[in-house]
Amino acid sequence: MTQQLNRPAVDTVEHAATTPDVDQPWAELGLKADEYANIREIVGRRPTSAELAMYSVMWSEHCSYKSSKVHFKLWGENTTDEMREKLLVGIGENAGVVDIGEGWAVTFKAESHNHPSYVEPYQGAATGVGGIVRDIMSMGARPIAVMDPLRFGNLHHPDTQRVLPGVVAGVGGYGNCLGLPNIGGEVVFDDCYQGNPLVNALCVGAMRTSDIHLAKASGVGNKVVLFGAKTGGDGIGGVSVLASETFDEGGPTKRPAVQVGDPFAEKVLIECCLDLYKAGVVDGIQDLGGAGLSCATSELASNGDGGMQIELDRVPLRDASLRPEEILMSESQERMMAVVHPERLEEFLAITDRWDVEATVLGEVTDGDRLVITWHGDVIVDVPPRSVAHEGPTYQRPLERPAYLDALQENGTRTLAKPSTGDALRADLLTLLASPNLCDKSWVTDQYDRYVMGNTALAMPDDAGVVRVDEETGRGVAVSTDCNGRFAKLDPYAGAQLALAESYRNVATSGATPLAVTDCLNFGSPEDPGVMWQFREAIRGIAEGCKTLGIPVTGGNVSFYNQTGDVAIHPTPVIGVLGVMDDVARRTPSGWRTPGQVIYLLGTTRDELDGGEWANVVHGHLGGHPPVVDLAAEQLLGEILVNASRDGLVDAAHDLSDGGLAIALAEATLRHGVGARVWLDDVAARDGIDVFTTLFSESTARAIVAVPRSEEVRFTDMCTARGQVHARIGVVDDQTDGLDVQGQFTVSLEELRRAHQDTLPAVFGR
Amino acid sequence: MKVGVVTFPGSLDDRDALRAVRAVGAEPVSLWHGDADLKGVDAVILPGGFSYGDYLRCGAIARFAPVMDALVPAAQGGLPVLGICNGFQVLCESHLLPGALIRNDHRKFNCVDQRLVVENASTAWTSDFEAGQEITIVLKNGEGGYVADEATLDRLEGEGQVVFRYAASNPNGSYRDIAGVTNERGNVVGLMPHPEHCIEDGYGPSLDGLPFFTSVLRQAVSA
Amino acid sequence: MGHVVIDVMLKPEILDPQGQAVGGALPRLGFEQFTDVRQGKRFVLTVDGDVTDAHLAAARDAAEKLLSNPVIEDVVSVRAAGADEDPDQ
Amino acid sequence: MGHVVIDVMLKPEILDPQGQAVGGALPRLGFEQFTDVRQGKRFVLTVDGDVTDAHLAAARDAAEKLLSNPVIEDVVSVRAAGADEDPDQ
Ligand SMILES: Nc1ncnc2c1ncn2[C@@H]1O[C@H](COP(=O)(O)OP(=O)(O)O)[C@@H](O)[C@H]1O
Ligand SMILES: [Mg+2]
């Protein structure tokens with residue numbers, strides 16, 4: 001009763017219709033004048049404050065992709081029918097779904113949580129993981145693994161000490177508690193990320209092909225159910241300007257600036273959802289992420305065939321002072337929305353009950369074409385749902401190749417001083433091995449549970465994470481994420497393809513056949529024509545590259561405005577490639593352990609040091625042209641590696657990327673502490689380069705493999721028959737302490753280990 | 001033989017434990033935290049995970065689940081019970097095992113392939129090991145530091161109730177390198193490392209987890 | 001609405017990694033005057049109306065049974081929150 | 001030896017999963033009278049000799065800088081420990 005009296009008046013549709021001249025804070029909400037005018041036209045009057053809240057958040061860059069959308073047609077244009085064959089659900093849904101055979105489907109997607117993780121590293125990263133996991137759940141899949149591509153500023157900058165440990169603890173704290181193995185990711189340091197760390201999170205889910213669920217509300221009379229955590233004032237900073245307008249004295253209570261995750265609630269929600277799917281009581285489902293109920297209701301309704309009616313006052317609240325506008329926009333975590341047939345409602349609620357998950361019927365699917373939301377009986381929203389969810393503004397932003405690029409590309413590594421003696425090569429190897437980007441990452445990855453679920457066949461520090469999907473047959477998937485932002489800075493088209501190539505190569509190296517791609521495109525401001533040009537080049541690079549490789553992009557995420565002042569981060573199009581393997585027990589690990597096995601170098605090395613780690617670490621240099629992309633060579637190499645795994649021809653394989661052959665040899669040696677003797681003069685002569693270049697060049701489409709002597713002839717015959725360039729460059733040898741690069745230098749295991757392992761603990765402690 | 005595995009809200013490794021039971025040829029039985037019934041099982045595993053988020057203290061809330069009302073007297077009566085990680089924490093909170101587990105001394109979650117020494121090979125869950133044997137088992141936790149007062153620690157050592165000790169290095173600051181303990185009778189065993197992740201070739205660092213499950217199987221056969 | 005405050009600390013003889021970490025960090029920030037740090041837990045329980053003796057007795061009971069583990073922790077105090085401590089202010 | 005006690009709680013508007021879990025468990029143990037639970041941290045800092053105003057000022061400073069995360073937490077109180085609170089008793 002008293003509550004009734006204290007409730008301030010709300011801005012109803014009726015009221016809005018009679019008060020056309022009310023001044024509305026559209027600019028504060030991030031809308032442009034023409035966008036506001038457009039909204040007025042759509043609703044045929046001024047919007048209510050609740051409607052304005054919904055449009056403003058759904059038409060934001062983050063939700064509407066208004067700057068990037070026009071370039072997305074490149075995806076479709078570059079996807080052939082053949083590529084579409086394995087694609088069960090494509091771009092546009094919560095996450096893409098691919099067919100991996102034998103009735104199994106896999107869904108995977110990456111998302112960014114960059115800005116929140118800078119503000120509050122632990123919670124930002126934790127809720128980033130939580131969000132992407134719910135995306136995967138909303139496809140009807142059981143999440144089976146997570147990955148975390150991370151980028152930070154300078155390792156030695158004091159703020160990195162604040163951000164990195166918090167982010168890592170947050171990724172671990174949330175993912176570990178959910179019981180999802182973390183099977184890979186990246187840790188990259190570059191000054192360009194100092195004020196804009198990148199926290200991307202990827203989740204993989206699996207399901208039977210028959211169990212795919214889509215986010216749509218159809219079937220008139222079906223119930224709309226909100227379930228999971230209560231709604232609080234999380235993440236509604238912006239919209240509080242609206243709420244305060246209607247507030248009487250005192251104003252709204254404080255709204256939290258950050259969202260706090262509750263992984264336990266999410267774990268229970270996962271199990272609850274899976275039980276709901278199993279029982280077949282869900283007609284449509286949508287996760288609540290960015291834009292909360294605004295997004296869930298408008299997208300569900302817009303993807304369905306009717307309208308929707310919602311009683312907003314039924315939403316269970318954590319904070320009773322929340323206003324309707326705020327409830328619509330709250331980004332409280334660990335919530336889902338389902339569409340349920342009335343006859344199945346009881347069963348639905350029995351399952352949520354069993355898991356102690358709060359579930360509330362908010363309304364139902366109607367036969368109109370309007371999304372109508374009421375607040376204690378008053379209509380506060382009455383809009384066409386498509387106009388909110390899908391018909392936001394799009395911009396063809398100006399693009400222009402940055403003027404600095406010519407000078408940058410002109411300034412290659414040719415003139416840099418290079419080591420010429422064995423001792424100098426050795427010193428550079430150790431320097432690189434200890435450098436922030438190439439050092440051992442176990443300080444980070446040991447904080448992640450890689451074993452939970454018992455299906456992990458490969459994880460860090462191997463080239464790809466590999467998990468079993470089908471326990472009967474061992475069928476499973478391999479995933480890797482990669483991006484070298486320096487390459488993308490030098491040439492965004494090539495840089496994006498290089499990220500794709502590296503990720504593809506990592507997956508193939510583990511023995512899996514690459515099948516599909518997701519991306520997380522981290523860029524500066526789209527209002528900067530130079531950034532927009534980088535963005536368009538990157539998308540074009542990925543789309544055309546995928547077409548060449550014959551694997552489709554299934555979905556992804558765009559994160560703009562990663563810049564400090566007018567300085568943008570390096571363009572960072574993170575690529576995730578997913579591959580399939582009939583039996584993951586046959587995966588190829590990255591380190592050798594059997595003495596006597598022969599080491600082969602696959603692929604050709606060119607003088608390609610521009611943008612690479614040697615130039616970066618030894619000279620602090622960035623300039624020139626990134627390595628040449630050769631996707632045909634990547635495909636051939638991939639086939640060789642996959643066949644070698646299937647036929648048992650190799651016992652270990654490690655791809656060559658950052659730091660080149662030198663680092664790959666050191667890593668393969670360090671993995672199990674078994675040494676190797678290597679000779680490089682012949683292969684250097686073959687490729688017309690010196691030993692230094694052979695060791696440190698970052699030419700693509702290369703890998704090293706360890707071949708059992710009994711398989712050597714079969715292996716080399718296969719390479720010869722298929723035209724794969726290969727050279728016998730060494731032998732695994734437990735009598736050699738560490739690495740012996742003959743005629744150049746030796747370096748002991750202990751020295752390698754110390755260089756590799758001490759870097760992160762020296763900064764962050766034990 | 002039937003081995004029950006309890007699922008609490010927030011349990012994570014329950015399915016892995018069921019798989020391990022199946023792998024040695026026993027019949028796995030799922031037990032639900034809310035049931036006050038052990039379904040006639042011959043042994044029980046409390047699996048790893050974060051029951052109730054482990055928010056208060058690990059295992060503190062799970063201890064009061066209805067299923068524990070049935071389990072505690074059964075364990076006191078001799079039913080073989082294995083607590084793995086969070087399960088170990090639940091057993092300590094329930095006072096079925098002495099001591100407690102606190103935050104790792106380095107304050108981070110830690111996932112490593114850990115070397116252990118089997119100190120006591122005569123419990124219900126370790127009879128297929130040899131005393132003094134070194135094994136490698138997955139360790140993964142944030143609150144795995146085993147603590148108890150000096151008198152308790154002395155008593156545990158004296159009575160042979162220390163079942164596993166960390167070898168090579170102590171990963172979490174556990175007093176006296178203790179990784180696992182048993183009750184006086186030897187039927188209740190708790191340890192932080194995860195044997196259920198070490199039972200299949202290709203998945204996990206070793207097969208050193210199998211003897212846990214074959215031990216209890218043999219015990220039931222001979223009982 | 002009233003509030004009961006319950007303080008729980010690790011027993012002095014039990015290792016306190018968090019307290020130690022704080023203790024190690026303080027001098028690096030220039031705080032040299034603190035010779036030791038221990039970290040414990042503070043619970044605030046809300047009751048309808050004023051805090052009564054019955055509430056306090058129940059809180060004491062809950063503190064012993066659930067909020068602390070007697071093997072490693074002590075319940076340091078259980079008391080009604082002072083007016084200046086109202087968490088809803 | 002003296003002791004400074006610092007209490008830190010999550011801001012009221014911030015979700016407190018820990019407190020929620022405790023709040024959910026209490027009724028199952030028969031405690032129905034508590035309508036909400038919030039969990040916070042309690043730090044006890046030891047100083048040589050008695051607690052002075054300078055100690056308290058330093059503790060207040062440390063509480064803001066290190067012991068709390070201003071984005072999500074409030075320092076609820078900083079005070080000298082009462083004689084009955086001596087953690088070394
Ligand atoms: N943030 C992270 N989370 C999980 N795994 C990581 C993370 N960073 C690096 N790794 C893992 O460490 C290993 C080495 O990383 P990296 O050198 O980037 O691999 P690659 O060069 O093969 O792409 C890989 O297995 C990678 O998945
Ligand atoms: Mg690799």
Side-chain angles (χ1 to χ4, degrees), chain C residues 1-12 16 18-19 21-49 51-52 54-59 61-63 65-67 74 76-77 79 81-82 84-89, chain D residues 1-13 16 18-19 21-23 25-49 51-52 54-59 61-63 65-67 74 76-77 79 81-82 84-89:
Chain C
M1 269 194 326
H3 301 280
V4 179
V5 178
I6 300 172
D7 292 321
V8 174
M9 296 295 290
L10 279 173
K11 287 183 193 293
D16 174 11
Q18 325 225 58
V22 175
L26 284 174
R28 288 198 295 274
L29 294 177
F31 300 101
E32 307 276 357
Q33 55 277 79
F34 304 111
T35 57
D36 189 30
V37 180
R38 308 276 296 171
Q39 180 174 336
K41 293 174 189 160
R42 181 171 193 266
F43 300 91
V44 179
L45 277 52
T46 305
V47 298
D48 283 336
V51 175
T52 63
H55 287 139
L56 286 173
D61 196 14
K65 272 206 191 118
L66 179 70
L67 304 180
D74 292 321
V76 178
S77 83
R79 62 197 168 78
D84 56 328
E85 286 182 296
D86 186 343
D88 302 313
Q89 286 292 311
Chain D
M1 268 196 324
H3 300 280
V4 179
V5 177
I6 300 173
D7 292 322
V8 174
M9 297 294 292
L10 280 172
K11 289 181 193 291
E13 67 271 19
D16 174 12
Q18 317 208 47
V22 175
L26 285 173
R28 289 200 295 276
L29 295 181
F31 299 101
E32 307 275 357
Q33 56 276 79
F34 305 111
T35 56
D36 190 29
V37 180
R38 308 275 297 172
Q39 180 175 335
K41 293 177 190 152
R42 181 172 193 267
F43 298 91
V44 179
L45 277 53
T46 305
V47 299
D48 283 336
V51 175
T52 63
H55 287 138
L56 286 174
D61 197 15
K65 278 203 187 119
L66 180 71
L67 304 180
D74 290 326
V76 178
S77 84
R79 60 194 169 81
D84 56 327
E85 284 184 296
D86 185 341
D88 302 314
Q89 287 290 312

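Chain A is the first sequence line, chain B the second, and so forth, proteins listed ahead of strands; every chain is numbered from 1.
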Identify which part of F43(D) has an atom lying under 4.5 Å from any heavy atom of chain C, answering side chain, backbone, both or neither.
both

Taking all non-hydrogen atoms of both residues, which atom of G30(C) and which atom of Q33(C) are closest, and how far apart?
O-OE1, 4.4 Å

Between L66(C) and A25(D), which heavy-atom pair has the shortest distance, and what is it?
CD2-CB, 4.0 Å

When heavy-atom pairs shorter than 4.5 Å are enumerated against chain D, which of [options] gives the highest number?
options                : answer
M9(C), Q18(C), H55(C)  : M9(C)
V47(C), D48(C), T35(C) : T35(C)
V22(C), V37(C), L45(C) : L45(C)
G23(C), A59(C), G19(C) : A59(C)

Quick one: are V76(D) and R42(C) in side-chain contact, heavy atoms under 4.5 Å?
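Yes, their side chains come closer than 4.5 Å.
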
Could you tell me if the side chain of D7(C) sits less than 4.5 Å from the side chain of V5(C), heavy atoms only?
yes

Hey, what do you get for CZ (R79(D)) to OG (S77(D)), rounding to the nearest 0.5 Å?
5.0 Å

Using 0.5 Å steps for rounding, measure from the NZ atom of K41(D) to the CG atom of L10(D).
8.0 Å

Select one option (side chain, backbone, both, neither) describing which atoms of [X] are under 4.5 Å from chain D's heavy atoms.
X      : result
D74(C) : neither
L67(C) : side chain
L29(C) : side chain
F31(C) : side chain

Where the side chain of D16(D) meets the backbone of Q39(D), is there a donor-acceptor pair that is under 3.5 Å apart?
yes

